[in-house]
Novice: 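Below you will find the structure I want to go over with you.
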Amino acid sequence: QVQLVESGGGLVQAGGSLRLSCAVSGRTFMYRMSWFRRAPGKEREFVAAINWGIVYADSVKGRFTISTDNAKNTVYLQMNSLKPEDTAMYYCAAGRASGVYYEVTAYDYWGQGTQVTVSS
């Protein structure tokens, strides 16, 4: 069984930075680790993924960085130059590497989410 616990969300002004963490327990070897987000009234959308390579959504490319610390079993999302449109609940997810990285259905495990609010 895999458990994912996010932390690090909060309220920040536009242009600011936050670092989200996802503590991972259980066997995730060969899993793709990703971040998704859901803004109020919108569908959950892909943000970034890391496996053998790294992929970003166009909307965050150049501003967000996904990384892992295998010794700490933690996945990070460093978010810089934040915009009000980045406001959302952010979720960590673990899924099969064979799945399509941007599809919610490709992921087997999800965290409870951490709220990020960016004020203008």
Novice: Could you state the interatomic distance from CG (L77) to OH (Y90), rounded to the nearest 0.5 Å?
Specialist: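 Separation between the atoms: 7.5 Å.
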Novice: Strictly by salt bridge (Lys or Arg N to Asp or Glu O under 4.0 Å), give each pair with a member in residues 38-55 just once, sequence neighbours left out.
Specialist: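 Qualifying pairs: R37-E45.
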Novice: Can you name the nearest heavy-atom pair linking S81 to S17, along with the distance?
Specialist: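 Nearest pair, atom of S81 first, then S17: N-OG, 4.3 Å.
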Novice: How close do V12 and L18 get, counting heavy atoms only, and between which atoms?
Specialist: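 Residues V12 and L18, closest heavy atoms: CG1-CD1, 4.1 Å.
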Novice: Using 0.5 Å steps for rounding, measure from the CZ atom of F64 to the CD1 atom of I54.
Specialist: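 Going from CZ on F64 over to CD1 on I54, the span is 14.5 Å.
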Novice: Could you note down all residue pairs passing salt bridge (Lys or Arg N to Asp or Glu O under 4.0 Å) where residues 105-120 supplies at least one of them, sequence neighbours left out?
Specialist: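 Non-adjacent pairs meeting salt bridge (Lys or Arg N to Asp or Glu O under 4.0 Å): R96-D108.
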Novice: Should K83 and D86 count as an ion pair when the cut-off is N to O under 4.0 Å?
Specialist: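 Salt bridge flag = no for D86 with K83.
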Novice: Please collect all side chain to side chain donor-acceptor pair (under 3.5 Å) contacts where either partner lies in residues 66-79, sequence neighbours excluded, each pair once.
Specialist: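 For residues 66-79: Q78-N80.
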Novice: Among residues two or more places apart or on two chains, list those pairs meeting salt bridge (Lys or Arg N to Asp or Glu O under 4.0 Å) that have a residue in residues 6-17.
Specialist: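 Listed once each, the pairs would be none.
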Novice: What's in the same ILVMFWY side-chain cluster as Y102, cut-off under 4.5 Å, chained through other members?
Specialist: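 Cluster partners of Y102: F36, F46, V55, M89, Y91, V100, Y101, V104, Y107, W110.
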Novice: Counting only heavy atoms not in Q112 (residues, nucleotides, ligands), do more than 12 fall under 6.0 Å from its CD?
Specialist: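 Yes, CD of Q112 has more than 12 neighbouring heavy atoms, counting only those of other groups under 6.0 Å.
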Novice: Side-chain contact, heavy-atom cut-off 4.5 Å: M33 with L4?
Specialist: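 A side-chain contact under 4.5 Å exists here.
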Novice: Over all heavy atoms of both residues, which pair between W35 and L20 is shortest? Give the atoms and the distance, please.
Specialist: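 Here W35 and L20 meet closest at CH2-CB, 3.7 Å.
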Novice: Please tell me if the side chains of V118 and E85 come closer than 4.5 Å, counting only heavy atoms from C-beta onward.
Specialist: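 Not touching, per the 4.5 Å side-chain cut-off.
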Novice: Taking CD in E103 as the centre, count heavy atoms belonging to other residues, nucleotides or ligands within less than 6.0 Å. Is the count above 12?
Specialist: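 Result for CD/E103: enclosed.
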Novice: If I compare all heavy atoms of I66 with all of I50, which pair ends up nearest, and what's the gap?
Specialist: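 Nearest heavy atoms, I66 then I50: CD1-CG2, 3.7 Å.
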Novice: Please report the interatomic distance CD(Q115) to OG1(T87), rounded to the nearest 0.5 Å.
Specialist: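 So the gap between those two atoms works out to 7.5 Å.
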Novice: Spell out, as yes or no, whether a donor-acceptor pair under 3.5 Å connects the side chain of R32 to the backbone of N51.
Specialist: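 Not a single qualifying donor-acceptor pair exists.
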Novice: Which atom pair, heavy atoms only, marks the closest approach of S120 to A14?
Specialist: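 Minimum heavy-atom contact is CA-CB, 4.4 Å.
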Novice: Mind jotting down which residue pairs meet the disulfide bond (SG atoms under 2.5 Å apart) criterion with at least one end in residues 56-120? Sequence neighbours excluded, please.
Specialist: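 Sorted pair list: C22-C92.
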